[in-house]
Amino acid sequence: MIKSFKNLQNIFLLTLVVLTIFSVGLKKSNAVSIEELQKDIEVKSKEIDALNKEIEQLGQKIETTTATGQTLQGAIKNLNNSGVQLNSQVKLTENKISKTDLSIQEIGFEIGSKEDKINQNLDIIANTIRNINFSENISAIATILSQKNLSSVWENLDTLEKFQTSIKDQIHSLRGFKTELEIKKAQTEKLKKEYEGLKSQLVDQKKIVDQNKKEKATLLSATKNEEANYKKILAEKKALSDAFLKEIFDIESQIKIIIDPNSIPKATKGLLTWPVDNVRITQYFGDTSFAKTGAYNGKGHNGIDLGVPMGSPVKAVLGGKVEETGNTDVLPRCLSYGKWVFIRHNNGLSSVYGHLSLIKAKAGDVVKAGDIVAYSGSTGYSTGPHLHLSLFASQGVSVQPLSKSINCKNLRIPMASQNAYLDPFPYF
């Protein structure tokens, strides 16, 4: 019993010191820095929320102006609003990067604090053990005799055992918390890597801002700030677009390809990921009311349109290979997709993204679902900023030169047999 008591006495000394260290900790040394970081993070969060609201409000203004009819002043107003919106998107991206950096610093402080605690605990334990070994010659009998009665000895023994269990639990808990923080830090660093990718987006978005300014200058120059001139240009564009759509329909009607139904996946929800962050469908696939009223020559809409602000990141809906990119605007009278990207996926599907402001991907790139391939815009024949997405059975689509076209001669665009067009919506 005396030997057991002496061991527990040593444990008591050890536990007492370790518990003292646990109660003191190192939180105070980093408290000010962490608090400052948390305040900065809160400020950035509020700025991000405010910018998101501003971008959304500007988008609503653009839609409202477009819906009231296409006028020169409306077009100028939309370009002005788009310019402000693009600048807000640049600020939004910068704030997201800053907030992530601050979050990583905050977690770094917390992990460092916990590591210091554990290391100090280990050092104190080692020193205490050395002190206990030094004082091992103290008589255990004298220690027992110092107690008032035997029941006090047993009570102390029971208390020491509880202390031993408690300290083991606390050390285990602390190490577990350190592991959790390390996981959190790894996750945040991954997020930081993603946001560092946004730094290249900043450069891209600033290019789109410059494009927006040039587009406004071109519009004013072409119309000489006269509403009648603008109406004339609109009518010409509509006629050119209708003529081109008829050309394409005639060509595609002659493409006869039998599509093996087993070559494409069943329309399953979640098979594709949305190409934009904020999904708002402005036109569906097929015989929409818009298509029936003269657009697309009444032949049906060959994809879906997504209403997104100018310069929004456009992402691959599925992994695959970028087969080709192009720009029908290189010929002023060729009003079609404008800037486009064509991706052939690995499961029998292919996708096209049209009316882009800036193309990021290039032919031959292998992309994953969610990778940014371009930015939305209003190039080609478009009444306002949006993304056009077409989905195909890969067997029936290819990029071909328009060798016999009147206004788009020798330009290359994706073309497909009529039965190769698929409704994208059921795949999301």
Side-chain angles (χ1 to χ4, degrees), residues 204 241 244-245 247-249 251-252 255 257 259 263-265 271-276 283 285 296 300-306 308 312-331 334-382 386-403 405 408-425 427-428:
D204 296 335
S241 176
F244 180 72
L245 286 170
E247 278 186 354
I248 295 300
F249 182 79
I251 293 170
E252 291 185 334
I255 301 173
I257 297 175
I259 305 296
S263 69
I264 57 175
L271 183 66
L272 303 181
T273 60
W274 288 104
V276 294
Q283 188 178 175
F285 176 86
Y296 309 103
H301 189 217
N302 62 7
I304 60 174
D305 288 343
L306 297 157
V308 287
S312 298
V314 173
K315 305 171 184 179
V317 297
L318 191 67
K321 188 175 183 179
V322 178
E323 188 162 303
E324 200 163 331
T325 67
N327 181 13
T328 62
D329 283 355
V330 295
L331 294 180
C334 182
L335 295 181
S336 178
Y337 283 126
K339 294 178 181 178
W340 55 268
V341 172
F342 176 72
I343 302 176
R344 197 174 289 277
H345 304 293
N346 305 319
N347 62 348
L349 298 176
S350 294
S351 57
V352 166
Y353 312 78
H355 307 302
L356 308 169
S357 61
L358 184 70
I359 296 172
K360 191 70 175 169
K362 62 182 184 300
D365 284 352
V366 176
V367 296
K368 303 186 297 294
D371 282 354
I372 296 173
V373 296
Y375 296 86
S376 64
S378 189
T379 56
Y381 185 68
S382 169
H386 73 285
L387 171 68
H388 174 87
L389 172 70
S390 283
L391 186 69
F392 307 88
S394 291
Q395 277 187 336
V397 63
S398 62
V399 180
Q400 300 178 27
L402 298 167
S403 56
S405 175
C408 302
K409 191 172 180 62
N410 293 328
L411 278 186
R412 293 171 62 83
I413 68 164
M415 287 190 288
S417 58
Q418 293 296 310
N419 60 337
Y421 284 97
L422 302 173
D423 184 357
F425 186 72
Y427 287 89
F428 289 110

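Everything numeric in this text was worked out from a predicted model, so none of it was measured. These values consider heavy atoms only, across backbone and side chains, with no hydrogens, waters or symmetry-generated copies.
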Under 3.5 Å donor-acceptor, Asn419 side chain and Ile257 backbone
yes
Would you call Val276 and Ser376 a side-chain contact if the rule is heavy atoms closer than 4.5 Å?
no
Heavy-atom closest pair (Leu387 atom, Pro275 atom, distance to 0.1 Å) is CD2-CG, 3.7 Å
Looking only at heavy atoms, the pair that brings Ile343 and Ala316 closest together is CD1-CB, 4.0 Å
Taking the side chain as every heavy atom from C-beta outward, state whether Phe244 and Leu402 have any pair of such atoms under 4.5 Å apart.
yes
Work out which heavy atom in Thr273 is nearest to a heavy atom in Ala369; give both atom names and the distance.
OG1-CB, 3.9 Å
Identify which one of Leu272, Leu318, Asn347 satisfies the side-chain contact (heavy atoms from CB on, under 4.5 Å) criterion when paired with Pro265.
Asn347
In sequence, state the C-alpha distance, the side-chain angles, and the governing distance for Asp329 and Lys339, and then conclude on side-chain contact (heavy atoms from CB on, under 4.5 Å).
CA-CA 7 Å; Asp329 283 355; Lys339 294 178 181 178; 5.7 Å; no
Heavy atoms of Trp340 and Arg412 approach each other most closely as CZ2-O, 3.1 Å
Minimum side-chain heavy-atom gap His388-Val352 below 4.5 Å:
no
Pair Val373-Lys360, side-chain contact (heavy atoms from CB on, under 4.5 Å): steps then yes or no
CA-CA 5 Å; Val373 296; Lys360 191 70 175 169; 5.6 Å; no
Would Leu306 and Trp274 count as a side-chain contact (heavy atoms from CB on, under 4.5 Å) if you check the C-alpha gap in whole Å, the side-chain angles of each, and the deciding distance to 0.1 Å?
CA-CA 10 Å; Leu306 297 157; Trp274 288 104; 4.1 Å; yes
Checking Gln395 against Ile264 for the side-chain contact (heavy atoms from CB on, under 4.5 Å) test, could you report, in this order, the C-alpha distance in whole Å, the side-chain angles of both residues, the deciding distance, and whether it holds?
CA-CA 9 Å; Gln395 277 187 336; Ile264 57 175; over 6 Å; no
How close do Ala393 and Ile259 get, counting heavy atoms only, and between which atoms?
CB-CG2, 3.8 Å
Check whether any side-chain heavy atom of Leu422 lies under 4.5 Å from a side-chain heavy atom of Tyr427, and answer yes or no.
yes
Taking all non-hydrogen atoms of both residues, which atom of Ser382 and which atom of Thr379 are closest, and how far apart?
CB-O, 3.9 Å
